[in-house]
Asks: 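What follows is a single structure, and I will ask about it in a moment.
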Amino acid sequence: MKSLFVEGNSAMHRLSARAKLLALATLGVMLFVSANLLLLAMAVVVAATIYFCIGLPARSALARLKPIFLTILVVALFSLAFNPWPVAVVALLRLTALMLFAATVTATTTIAQFIDEITQLARPLQSIGLVQADDVGLAVGLVVRFVPEILGRYQAIREAHEARGLKARPTTVLVPLIILTLRDADNIAAAIDARGVRRHVNLRTR
């Protein structure tokens with residue numbers, strides 16, 4: 001299976017997973033508190049500089065961002081249709097900066113590190129009975145793990161349409177993509193149950 005993690009020895013690679021996740025959460029709060037265009041533009045520049053210094057080839061680095069950036073652009077255009085242009089630009093800059101830093105975190109943090117840190121951060125919520133920390137960590141790990149798989153399938157379906165001379169429409173692409181993703185989710189759930197992961201977690205937390 002593909003992974004978003006990229007081997008390297010950059011400063012972000014050496015930083016602990018917890019520090020990166022806390023920095024991402026803090027950045028998210030700060031970005032949505034400020035509406036200053038200059039500060040948001042500077043945040044985008046800084047986040048882009050960090051992202052392009054983690055050791056990825058420029059073409060690969062840009063390819064990773066393309067699907068998410070297109071979504072952000074659609075959101076910004078939708079905002080522009082109903083709000084003054086500064087509001088749309090603020091949304092564009094906020095989401096772009098957050099996307100760049102989040103991409104940096106996922107590229108420099110392994111799935112195991114994600115699961116361990118999310119599980120530890122969820123422990124206080126488990127102590128008051130709100131969640132099962134191990135389940136939260138596993139869920140986040142699976143989401144991060146399957147993002148490249150879903151993007152890869154999407155690209156494969158588009159290429160299959162083009163090979164048949166068909167135009168790739170949202171309905172003809174998304175329907176098979178959703179079916180394949182749900183089938184994988186069922187298979188993974190069955191594998192987890194077969195290995196007794198949840199039973200093991202429940203016994204351990206009693």
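All values below come from the heavy atoms of this structure, side chains included, with hydrogens, waters and symmetry mates left out.
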Asks: Taking the side chain as C-beta and beyond, is there a heavy-atom pair between Phe82 and Val87 under 4.5 Å?
Replies: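 Phe82 does not reach Val87 side chain to side chain.
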Asks: For the atom pair CG (Leu93) and OG (Ser34), what is the distance rounded to the nearest 0.5 Å?
Replies: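 Leu93 atom CG to Ser34 atom OG measures 10.0 Å (nearest 0.5 Å).
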Asks: Has Ser127 got a side-chain atom pairing as donor or acceptor with Pro124's backbone, closer than 3.5 angstrom?
Replies: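 The answer is yes, because a donor-acceptor pair under 3.5 Å joins these two groups.
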Asks: Look only at the side chain of Arg164 and the backbone of Ala160, and say whether a donor-acceptor pair between them is shorter than 3.5 Å.
Replies: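 Between the backbone of Ala160 and the side chain of Arg164 there is a qualifying donor-acceptor contact (under 3.5 Å).
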Asks: To the nearest 0.5 Å, what is the distance between CG on Leu92 and CG on Leu80?
Replies: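 Spacing of CG (Leu92) from CG (Leu80) equals 10.5 Å.
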Asks: Report the distance from atom OG1 of Thr110 to atom CG of Asp116, rounding to the nearest 0.5 Å.
Replies: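 Output value for this atom pair is 8.0 Å.
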Asks: Do Phe32 and Ile72 sit in one hydrophobic cluster, given that two such residues count as connected whenever their side-chain heavy atoms are within less than 4.5 Å of each other, even indirectly?
Replies: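 The answer is yes; both residues are in one hydrophobic cluster.
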Asks: Measuring only between side-chain heavy atoms, which start at C-beta, is Glu117 closer than 4.5 Å to Lys20?
Replies: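 Side chain of Glu117 against side chain of Lys20, heavy atoms only: no contact under 4.5 Å found.
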Asks: Identify the heavy atoms of Ala76 and Ala88 that sit nearest to each other, and give their distance.
Replies: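 Residues Ala76 and Ala88, closest heavy atoms: O-CB, 3.6 Å.
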Asks: Which heavy-atom pair separates Gly28 from Leu98 by the least distance, and what is that distance?
Replies: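 Nearest pair, atom of Gly28 first, then Leu98: CA-CD1, 3.8 Å.
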Asks: Using side-chain heavy atoms (C-beta onward) and a distance below 4.5 Å, is Ile50 in contact with Leu100?
Replies: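 Ile50 vs Leu100: side chains apart.
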Asks: Using a 6.0 Å cut-off, check whether atom CZ of Arg14 has over 12 heavy atoms from anything other than its own residue.
Replies: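 More than 12 within 6.0 Å, yes.
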Asks: Ala17 and Thr109: which non-hydrogen atoms are nearest, and at how many Å?
Replies: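 In terms of heavy atoms, the two residues are closest at CB-CG2, 3.8 Å.
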Asks: Taking the side chain from Arg94 and the backbone from Leu31, do they hold a donor-acceptor pair closer than 3.5 Å?
Replies: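 Here the side-chain-to-backbone pair exists.
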Asks: Determine yes or no for a side-chain-to-main-chain donor-acceptor pair under 3.5 angstrom, with Tyr51 supplying the side chain and Met99 the backbone.
Replies: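 Not at all, since once roles are kept as given, no pair shorter than 3.5 Å links the two residues.
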Asks: Does some side-chain heavy atom of Ile54 sit less than 4.5 Å from a side-chain heavy atom of Val6?
Replies: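 Heavy-atom side-chain distance check fails, nothing below 4.5 Å.
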Asks: Is there a path of hydrophobic side-chain contacts, each under 4.5 Å between heavy atoms, that joins Phe52 and Val44?
Replies: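 Yes, because Phe52 and Val44 connect within a single hydrophobic cluster, where side-chain heavy atoms sit under 4.5 Å apart.
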Asks: Just so I know, are the side chains of Thr108 and Leu15 near enough to count as touching, which here means a heavy-atom distance under 4.5 Å?
Replies: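 They are not in side-chain contact.
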Asks: Hydrophobic clusters here meaning ILVMFWY residues chained together by side-chain heavy-atom distances under 4.5 Å, can you tell me if Leu38 and Val89 are in one?
Replies: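 Different clusters.
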Asks: With a 4.5 Å cut-off on side-chain heavy atoms, are Arg64 and Leu56 touching?
Replies: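 A side-chain contact exists here, since the closest heavy-atom pair is under 4.5 Å.
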Asks: Give, for atom CG of Leu27 and atom CG of Leu22, the distance between the pair rounded to the nearest 0.5 Å.
Replies: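 Interatomic distance, Leu27 CG to Leu22 CG, rounded to 0.5 Å: 12.5 Å.
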Asks: Is there a side-chain contact between Phe101 and Val46 (heavy atoms, below 4.5 Å)?
Replies: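 Answer no - side chains too far apart.
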Asks: With hydrophobic residues grouped by side-chain heavy-atom distances under 4.5 Å, do Leu121 and Leu24 end up in a single group?
Replies: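 No, Leu121 and Leu24 fall in different hydrophobic clusters.
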Asks: Using side-chain heavy atoms (C-beta onward) and a distance below 4.5 Å, is Phe69 in contact with Thr96?
Replies: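 The answer is yes, as the side chains (C-beta and beyond) meet within the 4.5 Å cut-off.
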Asks: So which atom in Ala47 and which in Ala97 form the shortest heavy-atom distance, rounded to 0.1 Å?
Replies: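 Nearest heavy atoms, Ala47 then Ala97: CB-O, 3.7 Å.
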Asks: What distance separates Ile128 CD1 from Arg123 CZ, expressed to the nearest 0.5 Å?
Replies: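 Going from CD1 on Ile128 over to CZ on Arg123, the span is 14.0 Å.
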Asks: Distance-only, no hydrogens or angles: does the Ser79 side chain make a donor-acceptor pair with backbone N or O of Val75 under 3.5 Å?
Replies: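 No, the answer is negative, given that no donor and acceptor are paired below the 3.5 Å cut-off.
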